[in-house]
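The next block holds one structure in the form of structure tokens; read it before the comments.
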Protein chains: 2
Amino acid sequence: MVSIYDIAQAAQCSIATVSCAINGKGRVSASTRKRILAACRTLGYAPNAAGRHLRLQRTETVGLLLYPTCASEFRNSFAAEVIEGLEDRLIAANYHLLLGGYRPQIASGTIPQFIGQGRVDGVVLLGKYPSTIIAELQLLPLPLLILDSEVTGLAIDSITTDGFAAGRAVVDRLVAHGHRRICMLAYDHDFHNPRMRRLGFLDGMQAHGLWPVQQSLITAFQHDAEGYRLLAHRLSGSEAPTAVFCENDHLALDLLSRLRADGVSVPGSLSLVGFNDDDGCAQAQPPLTTCHIDKKAIGRLGAEMILERIVAPELAVRHRLLPAVWIERQSVATRTTA
Amino acid sequence: MVSIYDIAQAAQCSIATVSCAINGKGRVSASTRKRILAACRTLGYAPNAAGRHLRLQRTETVGLLLYPTCASEFRNSFAAEVIEGLEDRLIAANYHLLLGGYRPQIASGTIPQFIGQGRVDGVVLLGKYPSTIIAELQLLPLPLLILDSEVTGLAIDSITTDGFAAGRAVVDRLVAHGHRRICMLAYDHDFHNPRMRRLGFLDGMQAHGLWPVQQSLITAFQHDAEGYRLLAHRLSGSEAPTAVFCENDHLALDLLSRLRADGVSVPGSLSLVGFNDDDGCAQAQPPLTTCHIDKKAIGRLGAEMILERIVAPELAVRHRLLPAVWIERQSVATRTTA
DNA sequence: TTGAAAGCGCTACCAC
DNA sequence: GTGGTAGCGCTTTCAA
């Protein structure tokens with residue numbers, strides 16, 4: 001490996017000058033700078049990371065901690081895109097991404113390995129963390145950032161989608177399409193994002209004075225099949241809903257195929273709205289109307305946010321909200337009830 | 001951050017002794033060792049990575065280079081599991097994983113950033129790399145490992161599945177089930193893995209003296225829909241195949257739903273075999289008979305292989321083959337042609 | 001504009 | 001068994 005000494009020798013100067021030239025610290029004459037950079041190029045020099053880290057007390061690396069496991073998050077195309085955006089922006093800042101799945105055995109009470117070893121300047125959290133774990137992680141003397149989630153009451157930087165506004169907007173749109181009997185289908189889980197969507201939905205329903213609000217939210221299920229059963233029951237009753245807003249596209253697409261199998265036409269007899277704009281929404285039959293999230297942007301902005309905090313740890317905590325934008329495809333019908 | 005000096009002070013000894021005690025380099029009395037380890041625990045000491053790397057000239061990190069991009073590989077559940085296995089084993093060896101998507105602009109002619117900076121001790125390649133890129137990467141003065149692919153003629157460590165044997169075994173199994181008119185459906189791509197499966201398949205067909213071999217391989221398509229068209233055409237002719245071996249589960253599952261939509265019963269009128277044992281095979285209707293690959297094992301063994309090479313760069317190049325094992329579910333019928 | 005030198009935290013050699 | 005110390009490659013202060 002070629003070191004700064006080799007360059008100094010080749011360019012006939014001291015290592016201090018080489019360092020200055022490379023890092024653009026002025027005080028180097030144009031001619032020596034040119035000599036030095038030329039030598040770097042010919043010898044293929046790149047500053048050794050370990051030496052640099054040791055001296056700078058900075059690793060130019062951020063840890064990506066996935067929960068519950070690497071595989072679970074990778075498989076998730078949402079996370080995959082977020083990571084892509086994150087990596088992209090970090091690389092641009094000469095930063096790198098160190099991968100880690102959360103390991104309960106190691107981390108309970110203790111911190112993930114790579115953190116204690118000073119391998120990273122900050123940690124990005126991605127996944128459906130229980131808030132207890134996040135609270136524990138917060139004790140780390142390290143910049144922390146939560147992507148696509150948030151723990152209310154905890155002072156940790158975060159970037160999320162504005163699910164409340166989106167939930168509200170979905171109701172507005174459906175109403176604009178002439179729907180009055182609207183349902184939301186949401187798993188019986190307690191994660192931040194879907195909760196906000198539910199609240200936004202309820203807000204919209206109330207604002208438009210629609211239906212007994214408590215009837216319009218179907219959440220007493222954990223799995224798609226159960227959810228469908230509940231919905232089917234509602235559909236077969238009188239006063240059946242004409243539109244259903246699903247917590248996410250996965251649920252919506254599952255519903256779509258079940259409805260189809262049962263001969264319920266979408267959007268003919270029932271309109272369907274998803275959330276996330278996953279791959280596959282556009283290919284569905286009919287193409288699914290949903291709320292688009294710019295997942296890469298979450299990653300990109302996340303990279304920027306944590307880099308800023310690394311530089312300025314005393315900055316005020318920031319919670320950034322990204323919009324989810326309505327994508328009209330063909331799963332919502334316009335009702336012209338005379 | 002607490003350093004080795006803090007421990008030395010707390011334990012009333014020199015930093016040299018602390019280092020020895022921590023790294024188990026003998027020559028430390030039981031009593032001092034105990035004092036030192038106690039101090040480490042109370043002060044929460046972990047050796048600083050940068051200092052260690054600089055001194056050891058080793059980073060205890062391997063780079064994971066994904067192609068074409070991070071997101072593409074993450075989305076792929078096969079890669080996700082491989083990475084999981086890789087990470088698991090690396091962590092156990094106190095190694096870490098540095099993430100990088102392949103960046104053509106940077107890498108053409110030049111090497112990926114993190115490599116030149118001495119950030120990693122080795123690089124693991126995962127994805128559908130063109131062999132030209134691999135050949136370029138091979139010039140790096142770094143241990144290299146290809147997971148789930150291989151470039152024939154290039155001396156690079158690799159771990160792959162034995163697709164030839166598996167392709168051959170599929171024919172054997174189908175024959176054992178009474179099938180004689182067997183097709184293989186494979187995309188018109190030239191990647192190492194599917195090629196080996198094709199060769200194994202052809203070998204089996206020949207060995208059993210089945211059908212004009214050239215007719216039994218359907219590859220003139222790039223997309224699922226075209227593949228289906230070709231197959232459907234064959235099915236409608238006389239001498240229709242009774243069993244189809246698909247290059248992978250994705251294709252098989254796609255076919256399955258198309259066949260179903262067209263009223264072709266599986267396995268009643270046609271038997272179907274996939275490859276990979278992806279999520280979803282077991283849930284399909286009917287559950288898909290396929291070849292199981294232990295993806296995590298590819299990652300785990302990969303970790304071991306590259307760690308070994310890092311320690312002993314002069315080792316002979318190794319190509320390791322893992323078996324793909326037949327998983328009998330319900331998409332293959334037994335034909336008792338009297 | 002340049003260079004000498006200190007020191008980041010660690011391991012390993014060598015002397016005691 | 002233990003400790004002093006050199007030195008890994010780098011950046012930065014200070015002096016020239």
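So you know, we letter chains A, B, ... as the sequences are listed, proteins then strands, and number each from 1.
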Relative to the ring of B:Tyr129, is the ring of B:Tyr102 parallel (under 30°), tilted (30 to 60°) or perpendicular (over 60°)? perpendicular
Would you tell me if any nitrogen or oxygen in the side chain of A:Thr17 comes within less than 4.0 Å of OP1 or OP2 on C:dG3? yes
Picking from D:dT12, C:dA4, C:dT11, the nucleotide nearest the side-chain atoms of A:Ser14 would be C:dA4
Starting the side chain at C-beta, find the nucleotide from C:dT11, C:dT1, C:dG9 nearest to B:Ser3. C:dG9
Go through the steps for B:Lys295 and B:Glu84 under the test salt bridge (Lys or Arg N to Asp or Glu O under 4.0 Å), then give the verdict. CA-CA 9 Å; B:Lys295 298 142 200 163; B:Glu84 176 100 347; over 6 Å; no
Does a salt bridge link B:Asp88 with A:Arg103, judged by any charged N lying under 4.0 Å from a carboxylate O? yes
I'd like to check A:Ile133 versus A:Tyr67 (side-chain heavy atoms, cut-off strictly below 4.5 Å). Are they in contact? yes
Residue A:Ile15, side-chain atoms from C-beta onward, closest of C:dT11, D:dG3, C:dA5: C:dA5
hbond_proxy B:Arg27 side chain to D:dT2 base (donor-acceptor, 3.5 Å cutoff): yes
Side chain of B:Gln57, heavy atoms from C-beta onward: which of D:dT12, D:dG9, C:dG3 has the nearest atom to it? D:dG9
Could you tell me whether the phosphate oxygens of D:dT2, OP1 or OP2, come under 4.0 Å of any side-chain nitrogen or oxygen in B:Thr32? yes
Selection from C:dG9, D:dG3, D:dC10 that lies nearest to any side-chain heavy atom of B:Ala16: D:dG3
